[in-house]
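One structure below.
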Amino acid sequence: MASCWRPTHSSFRCLLLFVFVLTVEGAGAERTNSSVEVEQKDGQFDTSYLDIVTSNVQIIYTFNHTVTRNKTEGVRVSVELLSEGTKSPVLFVVRQKQAVLSFQVPLILRGLYQRKYQYTQVGRTLCQPPTLALSETQFFYVDVSTLSTSSVQYKLRISRVESFTLQTNKKFSFNATPSQPQFFKYEFRDGVDTVIVKVNSEKNFPCSVMSVQDIQCPVYDLDNNVAFIGMYQTMTKKAAITVQRKDFPSNSFYVVIVVKTEDEACGGPLRFYPLSPDELLDAGNRSKTLEVVVYPAIDSEVYVMGMLFCLGIFLFFYVLTFLLACIENKRMHKKREGLLKSSNMSPAETGKSPPSPYEYGSFGDNGSTLSSEPVTDSLASTDANYGYLGQEAFKRRPIGTRHTVIRFERSLDTVGRCRQESLSSVEEDDYDTLADIDSDKNIVRTKKYLFVSDLARKDKRVLSKKYQIYFWNISTIAVFYALPVIQLVITYQTVVNVTGNQDICYYNFLCAHPLGALSSFNNILSNLGYVMLGLLFLLIVLQRDVVHKRALTRNDVTALECGIPKHFGLYYAMGTALMMEGLLSACYHVCPNYTNFQFDTSFMYMIAGLCMLKLYEKRHPDINASAYSAYACLAAVIFFSVLGVVFGKGNTAFWIVFSVLHIVFTLLLSIQLYYMGRWRLDTGILRRILHVIYTDCIRQCSGPMYIDRMVLLVMGNIVNWSLAAYGLIKKPNDFASYLLAIAICNLLLYFAFYIIMKLRSGERIQCLPFVCILFTAVVWGSALFFFFQGLSTWQKTPAESREHNRDCILLSFFDDHDIWHFLSSIAMFGSFLVLLTMDDDLDAVQRDKIYVF
């Protein structure tokens with residue numbers, strides 16, 4: 001045709017050709033239209049139509065209904081294919097004023113691995129766009145057609161949906177299948193800005209999806225498109241979505257319920273994998289009865305009350321601490337005045353005799369009181385049975401050095417002189433050679449009865465710097481750890497808000513109160529206690545640190561040579577770790593899930609480790625682990641925690657390796673603690689072990705020299721070996737909590753041992769730490785009760801996790817897990833206070849009378 005319009009052709013010839021083409025096309029179209037018969041019928045609601053359709057017959061049903069602005073009616077199209085064995089589907093097209101809905105019967109839905117499921121019964125609800133007119137008659141048409149050459153029989157029914165608009169606080173029950181989804185409309189009433197849509201079912205399966213979508217056409221109500229818009233959750237028995245008015249400009253939304261074709265998304269078993277991807281699988285009976293109800297959510301006053309309650313609880317501890325500090329300051333002021341008065345009186349006037357420097361304490365082996373024999377004389381009486389694996393023979397350092405004179409030539413007359421000349425003031429610089437230092441350590445640390453003065457001999461300035469490294473290191477770790485965590489959880493929350501996929505985060509949806517972009521503000525707010533109480537503990541430690549430094553500045557003999565050596569670096573690290581636990585726990589609860597659970601537990605491991613180190617440092621300040629080795633061990637624990645979460649679920653090989661490493665590490669640590677570090681791990685270790693076994697167990701059958709230490713280590717090995725066996729046999733899914741349980745069990749065991757040995761040594765627990773111990777024990781018990789309620793669990797699918805969801809129990813704002821946050825932060829703060837004040841009774845006792853255990 002294009003060539004006809006060239007200048008070399010006449011216009012007349014082109015016109016004839018164009019008319020010929022139009023004539024031929026018109027004749028073909030007439031023949032085509034004449035081969036399809038169109039039947040048009042006036043349809044009636046609630047009437048069943050049994051008709052037959054073929055490739056030559058197309059049926060159009062015409063319906064009309066009245067739509068009012070103040071009342072919304074649902075219209076449902078139900079279709080059933082009665083002919084069996086038909087290869088060509090029947091196409092149904094519903095034409096409305098503002099939308100077109102089309103589907104085929106049998107309906108084909110795809111599942112996992114592109115498996116196909118067919119349904120011969122289909123039910124769809126028509127969307128109802130809002131109308132501006134007060135009353136309007138709308139028409140819609142149902143077109144039925146097929147390309148099947150044989151007759152296909154079907155049944156069509158158009159009905160009105162009763163209770164299409166949901167009412168507040170009113171339950172509505174209905175049935176749904178994968179090919180017969182349901183959706184309903186809810187309109188916000190005046191004064192209600194937020195509602196909670198809850199859907200319940202008696203049956204776990206089949207797996208379902210609840211979606212909240214804006215009022216628009218089409219409505220995405222099939223398994224393969226329900227996740228396209230809006231917010232949605234998979235569900236078994238429970239689902240709940242909090243909906244805010246600001247997210248829906250029309251002040252209304254649809255609640256869509258879809259039954260999935262498979263149960264894999266809800267943790268159910270997978271169906272048999274087909275031999276051919278094109279094979280059609282029978283859908284089976286997947287009907288589910290559900291119940292939907294819409295509740296108004298809490299208002300702004302409840303938010304304010306919740307925040308004030310949270311702040312009030314922890315500010316109360318600040319006020320209580322201030323009052324106790326004032327009372328203690330007043331008591332100490334009166335005590336100083338009493339001491340000043342008594343210092344001007346003679347012993348005869350006071351009626352008291354000066355206390356003997358060795359009247360303090362008795363040890364539990366035989367219950368006898370210590371004699372007046374100088375402590376250092378026990379060094380000279382140490383025999384070859386000191387029992388350490390690091391040296392093959394007992395070596396005495398040469399007599400005549402300055403330290404030796406101090407060690408062996410002291411008498412009772414010199415004990416009362418200035419404590420600056422005591423053993424604790426001797427530095428490593430006072431030795432002639434490194435060999436002398438090593439030999440002296442073997443003599444001191446292998447005595448049968450050790451005193452704090454034996455293990456507090458280093459320069460206090462050096463030790464203070466050593467323990468301050470704990471604080472600076474954990475501060476650095478906190479910064480580098482927290483920044484990417486905050487960035488990640490913000491990304492998680494953004495993804496949830498943009499995609500609407502609420503399966504990403506494992507909230508307690510029945511008590512998740514949003515605020516701004518945060519989906520569960522109450523779970524974040526309840527972590528405030530860790531931060532506030534951690535800061536309060538740092539302030540208490542700072543006050544004690546300042547008082548102690550002032551005492552050292554004025555050369556107070558009591559501060560220099562009495563009581564447990566005061567090093568505050570570990571306390572600062574503990575307080576910082578508690579604050580970071582609150583921050584990271586809040587970050588975790590922004591979007592709790594499988595991939596970020598370690599955020600909530602990492603600093604719990606650190607807190608447990610730092611508490612054990614502090615307990616050990618109290619009596620072993622010179623030989624406690626350095627900050628670098630301690631944090632390296634804690635990093636290894638966190639590394640295994642991540643490996644356990646990722647690979648530990650049901651992996652036998654992983655559990656074997658972890659259990660073996662757990663037992664080996666326990667044995668090595670036991671040897672380290674028993675011999676006070678005076679052993680070497682080298683090629684001769686087996687020979688030395690066999691020599692000790694032959695000497696102490698076979699040749700002379702002597703018992704262990706350090707009975708108390710042996711009891712602790714035996715109990716510790718029994719506990720840890722039992723935990724290792726439990727993990728290997730049970731293979732718990734929550735590896736992070738299992739690892740934390742190991743740390744807590746060891747901490748409790750060591751703490752109980754410390755308390756028992758303190759009482760056995762004749763020491764006492766003052767009123768304040770005693771009250772803290774009782775209070776902390778009660779609070780820990782209550783906290784664990786709420787912790788084990790298990791409102792959600794990332795170990796299961798999101799739908800299974802929601803089965804554990806519960807309503808709020810405190811002020812209609814906080815749930816059980818929030819109460820766990822409150823109580824556990826208070827319990828941790830109380831535990832820290834116990835560690836800080838437990839040895840206050842020894843502040844006036846000379847260090848060579850304080851036992852090491």
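For this chain, numbers begin at 1 and follow the sequence in order. Any value given below was found using the heavy atoms of this structure, including those in side chains, with hydrogens, waters and symmetry copies removed.
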Hey, what's the ring geometry for F822 with F314, parallel, tilted or perpendicular (30° and 60° as the breaks)? tilted
Between S526 and D818, does any side-chain donor sit less than 3.5 Å from a side-chain acceptor? yes
For the pair Y318 (side chain) and M532 (backbone), establish whether a donor and an acceptor sit closer than 3.5 Å, ignoring hydrogens and angles. yes
What pairs with E581 under side-chain hydrogen bond (donor to acceptor under 3.5 Å, both in side chains), at least two apart in sequence or on another chain? none
For the pair S761 (side chain) and M757 (backbone), establish whether a donor and an acceptor sit closer than 3.5 Å, ignoring hydrogens and angles. yes
Using side chain to side chain contact (heavy atoms under 4.5 Å, CB included) as the criterion, list what pairs up with M612, not counting sequence neighbours. N746, L747
Y754 and R619: side-chain contact (heavy atoms from CB on, under 4.5 Å), yes or no, with the steps? CA-CA 10 Å; Y754 192 96; R619 309 278 170 154; 2.9 Å; yes
In terms of heavy-atom contacts, N527 and S585 come closest through OD1-OG, 2.6 Å
Test: side-chain hydrogen bond (donor to acceptor under 3.5 Å, both in side chains). Region: residues 564-577. Which pairs qualify, not counting sequence neighbours? D545-Y572, K566-D843, Y571-K618
Provide the closest heavy-atom pair for G716 versus L749 in the form atom of the first, atom of the second, distance. CA-CD2, 3.3 Å
Tightest non-hydrogen contact, residues A783 and L823, listed as CB-CB, 3.5 Å
Taking the ring of Y588 and the ring of F597, is the distance between their centroids below 6.0 Å? yes
Within 6.0 angstrom of Q487 CD, more than 12 heavy atoms from elsewhere: no
Closest non-hydrogen atoms of T595 and Q598, given as atom of the first, atom of the second and distance, are O-NE2, 3.3 Å
Could you check whether H817 and N523, counting side-chain N and O atoms only, form a donor-acceptor pair closer than 3.5 Å? no
Regarding Y851 and R760, is there a side-chain donor-to-acceptor distance under 3.5 Å anywhere? no
Please check if the side chain of N717 supplies one atom and the backbone of L713 the other of a donor-acceptor pair under 3.5 Å. yes
Between S641 and Y605, does any side-chain donor sit less than 3.5 Å from a side-chain acceptor? yes
Looking at every heavy atom in both V637 and L739, which two are closest together, and how far apart are they? O-CD2, 3.4 Å
Minimum-distance pair of heavy atoms, taken over all atoms of I607 and A577: CG1-CB, 3.7 Å
Over 60° means perpendicular and under 30° means parallel, so tell me whether H821 and H589 are parallel, tilted or perpendicular. perpendicular
